[in-house]
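Here the structure is laid out as structure tokens; the discussion comes afterwards.
Keep in mind that the numbers below use all heavy atoms, side chains included, and drop hydrogens, waters and symmetry copies. Only a predicted model underlies this, so the values are computations on that prediction, with no experimental measurement involved. We name chains A, B, ... by the order of the sequence lines, and we start the count at 1 in each one.
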There are 2 protein chains.
Amino acid sequence: MRDTGTMSRLDRLKMQRELHVAGLENCPVRNLLDHVASKWTTLVLMELSQAPQRFNALGRALPDISKRMLTQTLRDLERDGMVARRVFDTKPPSVEYSLTPLGQSVLQPIGALIDWANLHAEDIRAARVQFEALG
Amino acid sequence: MRDTGTMSRLDRLKMQRELHVAGLENCPVRNLLDHVASKWTTLVLMELSQAPQRFNALGRALPDISKRMLTQTLRDLERDGMVARRVFDTKPPSVEYSLTPLGQSVLQPIGALIDWANLHAEDIRAARVQFEALG
DNA sequence: CTGCATCCATATCGATACTG
DNA sequence: CAGTATCGATATGGATGCAG
């Protein structure tokens, strides 16, 4: 993994350019960031990391998500090759979602971010208290 | 860094619960994810990682951001202790923003995410082509 | 120079109802 | 069961103008 402390100035400049050029709609970095950002993506990925699951099972596991958002999140992930959708020709129909290898692999950097957040949660909380105290 | 492959089922369940419980407004993980998500945070952090800079210098470095959003982004980062704001009593006034140690440290996991995105950009692009081809 | 306040367009999301 | 379609509330973000 890249160490920020040893990241060259040029590397940083390059990253940055990559992040904010023209529109950004097609920037892979911007795109992943948006993915991770969106409210449900991470939760769906983590839920699927435990086991492939059917649509309604996912809905039950993530009680706060609406069908609309679950569908949309799954489609986005499918579109980007992170999630595989498999339809069983039963009656009534059932559809199973699972992580692809790509989807598995993105959980590692996301995990790093989550670890960081847990590690520094108290620092942030303290900073906010401080900020409000002055404000 | 945590290896997703060796993450215990219990760890994952815990993470997950931490991510989607009640409202989430106060969940530090959810909060960081939103931060990283928001369009400008990452760019501002990376720009400041190169050098402490004044408000307008940041604006010039990130041409697409509006004053409104730049202010807001900086305030959010300041509030969470990632960015320090220092006012110089000159005329006209000048304000310098810089990364705190906390802000420096978050660049590492963010960098991991960016590296992942660059590494797998082609996979994702291919997946999309495939997805559109079927539709 | 640094920023806040306001207005407005658009994007996002939840709720609901309906379908194969 | 697994979605799609539609509507409306809310959030988000850009543009502009003003102020210390």
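Per the geometry, CG belonging to D76(A) stands 13 Å off C1' belonging to dT12(C), to the nearest Å. The nearest whole Å value for the distance from the CZ atom in R85(B) to the P atom in dC1(C) is 16 Å. Look at CG on L43(A): it is 13 Å from P on dC13(C), rounded to the nearest Å. Put simply, NZ on K91(A) is 12 Å from C1' on dG20(C), counting in whole angstrom units. When the P atom of dG3(D) is taken as reference, atom CD1 of I65(A) falls 13 Å away, rounded to whole Å. Here the P atom of nucleotide dT2(C) and the CZ atom of F88(B) are 11 Å apart, to the nearest Å. Between the CG atom of L70(A) and the P atom of dG14(C) there is a distance of 11 Å, rounded to whole Å. In this structure, CG of D89(B) is placed 13 Å from C1' of dC1(C), rounded to the nearest angstrom.
Toward the 5′ end of DNA chain C lies the nearest nucleotide of S38(A), the other residue of the pair P92(A) and S38(A) mapping further downstream. Comparing E96(A) and R68(A) by the nucleotide of DNA chain D whose heavy atom lies nearest to each, the residue mapping closer to the 5' end is E96(A). Where V95(B) and Q72(A) each meet DNA chain C at their nearest nucleotide, the meeting point lying more 5' is that of V95(B).
One finds a side-chain N or O of Y97(B) lying less than 4.0 angstrom from the OP1 or OP2 phosphate oxygen of dG3(C). Note on R75(B): a side-chain N or O is less than 4.0 Å away from OP1 or OP2 of dG3(C).
T100(B) contributes no side-chain N or O that, together with a main-chain N or O of A84(B), makes up a donor-acceptor pair within less than 3.5 Å.
Residues D80(A) and H35(A) have side chains that bring a donor and an acceptor to within less than 3.5 angstrom of each other.
With dG14(C), dC1(D), dG13(D) as the candidates, the nucleotide lying closest to the side chain of S94(A) is dC1(D). Checking dT4(D), dG13(D), dA2(D) against every side-chain atom of T71(A), the shortest atom distance belongs to dT4(D). Nearest nucleotide to the M69(A) side chain, out of dG14(C), dG3(D), dC1(C): dG14(C).
The neighbour count for R75(A) CZ, taken as heavy atoms of other residues, nucleotides or ligands under 6.0 Å away, is above 12.
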Are E47(B) and Q53(B) close enough, and set up right, to give a side chain to side chain donor-acceptor pair (under 3.5 Å), and what steps lead you there? CA-CA 8 Å; E47(B) 184 60 36; Q53(B) 286 176 67; 2.9 Å; yes
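Partner W40(B) forms a side-chain contact (heavy atoms from CB on, under 4.5 Å) with one of T73(B), L74(B), L58(B) and no other, that one being T73(B).
In this structure, K67(B) reaches the bases: a heavy-atom distance under 4.0 Å links it to at least one base atom across the strands shown.
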